[in-house]
Asks: 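My questions all concern the structure below.
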Amino acid sequence: MNCSVCGAPAQVEVRRRNQAFCAEHYRAWFVNETRRNIKRHRMIRPGDRILVAVSGGKDSLVLWDTLARLGHAATGFHIQLGIGDYSQRALEATRAFAAARGLELIVVDVRQSFGLTIPQLAQATGRAACSGCGLSKRYLMNRVAEEEGFNVVATGHNLDDEAATLLGNVSHWQLDALVRQGPMLEGREGLARRIKPLYTFTEREVAAYAFLAGIAYQHEECPHAEGAKSLLYKDVLGRLETRMPGTKQVFLEQYLKKVQPVLKEGLAEGEVELRRCERCGQVTTGAVCAHCKLWDRAYARAKKRRLLPEDRGFDPRPKVDRLKPANEA
Ligand SMILES: [Zn+2]
Ligand SMILES: [Zn+2]
């Protein structure tokens with residue numbers, strides 16, 4: 001198999017596209033496809049300030065690398081979840097990447113900010129760690145973006161992630177989630193625009209880019225992810241893909257192109273009215289936002305179990321740590 005651009009021996013085969021590339025042309029193809037995704041959906045516009053959610057895994061570091069290569073200045077945002085060594089290594093990989101490239105990084109430590117790690121939060125609320133974790137991440141991304149003056153939040157979701165989410169939503173006919181799913185969600189007052197520039201690449205393609213670009217990422221999966229439904233959906237789609245290359249891409253892209261517009265029109269609901277949370281000031285639909293409610297509940301129970309001192313009240317303000325690029329410090 002030879003590179004479809006220069007004819008040299010190919011290093012990566014993109015079966016669903018019937019293409020193969022040498023290392024150099026694979027990287028060029030990947031960056032160019034990302035540029036096309038951004039352009040096609042007008043994800044990034046002049047004057048935008050971009051915050052990239054960076055976990056330290058391959059997807060988010062590849063996204064950060066690609067945005068930088070395309071000339072988009074983007075600040076990294078890492079949330080230290082406090083999930084043992086896994087979180088420690090995630091932070092180290094993220095810091096090393098930022099430091100080596102002179103990129104600005106913002107870090108929020110959940111325990112330093114709110115008093116409990118994600119596992120302690122799960123323990124105190126009796127809910128699965130992933131639900132509190134997802135809620136905290138969404139909250140912190142929006143809040144930090146607003147407070148630090150960013151109007152765009154970019155995440156590293158790839159085709160496998162998006163196709164798995166779609167399959168999950170279709171399996172349960174979650175119409176609200178189906179209508180909102182997509183590579184770009186417009187921003188509103190107090191809510192940053194959310195973009196997923198890597199949504200057309202499979203996980204394998206992102207991993208191949210990371211490898212060829214020499215990106216040192218954290219390979220380890222979160223210990224809580226084991227048994228997650230998303231992995232089951234990915235497994236099912238992976239089997240279909242093996243038998244029928246291109247299935248994931250057709251499933252997602254044709255949904256977005258053909259089905260979602262009809263669904264949007266059929267539901268024809270007006271925009272949900274948003275207001276500010278009485279406790280923290282973040283945008284929400286109720287009087288008190290889900291994040292403040294969750295932590296209030298966790299505090300009440302954590303005090304009973306003496307995980308927190310009796311007189312400690314929940315303070316919703318995150319402690320933001322800004323790590324300046326090394327070459328400016
Ligand atoms: Zn080539
Ligand atoms: Zn709140």
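Counting starts at 1 for both ligands and their atoms, in listed order. All values below come from the heavy atoms of this structure, side chains included, with hydrogens, waters and symmetry mates left out.
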Asks: Below 6.0 angstrom between ring centroids: does that apply to Y209 and W29?
Replies: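 Here the rings of W29 and Y209 have centres that are no less than 6.0 Å from each other.
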Asks: Using the side chain to side chain donor-acceptor pair (under 3.5 Å) rule, collect all pairs that involve residues 279-289, keeping only residues at least two apart or in two chains.
Replies: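 Output for this query lists R279-D296.
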Asks: How close do T155 and P197 get, heavy atom to heavy atom, and via which atoms?
Replies: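 What the structure gives for the nearest pair is O-CD, 3.9 Å.
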Asks: Counting no waters, what protein N/O/S atoms lie under 2.8 Å from the Zn ion (ligand 2)?
Replies: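 N, O, S partners closer than 2.8 Å: C277 SG, C280 SG, C289 SG, C292 SG.
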Asks: Would you say the ring centers of F97 and H78 fall short of 6.0 Å from each other?
Replies: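 No - the distance between ring centres of F97 and H78 does not fall below the 6.0 Å cut-off.
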Asks: Following the transitive rule for hydrophobic clusters with a side-chain heavy-atom cut-off under 4.5 Å over Ile, Leu, Val, Met, Phe, Trp and Tyr, establish whether V110 and Y139 coincide in one cluster.
Replies: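 As far as the 4.5 Å side-chain criterion goes, Y139 and V110 are connected within one cluster.
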Asks: What are the two closest heavy atoms between Y233 and H172, and how far apart are they?
Replies: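 That would be OH-CE1, 3.2 Å.
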Asks: Please find the N/O/S atom of H25 nearest to the Zn ion (ligand 1) and write down its name.
Replies: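 Answer by atom name: ND1.
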Asks: Picking from D160, L166, N158, what satisfies side-chain contact (heavy atoms from CB on, under 4.5 Å) with K248?
Replies: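 Among D160, L166, N158, the one that satisfies the side-chain contact (heavy atoms from CB on, under 4.5 Å) with K248 is D160.
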Asks: Report the angle formed at the Zn ion (ligand 1) by atom SG of C6 and atom SG of C22, rounding to the nearest 10°.
Replies: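 So the angle at the metal works out to 110°.
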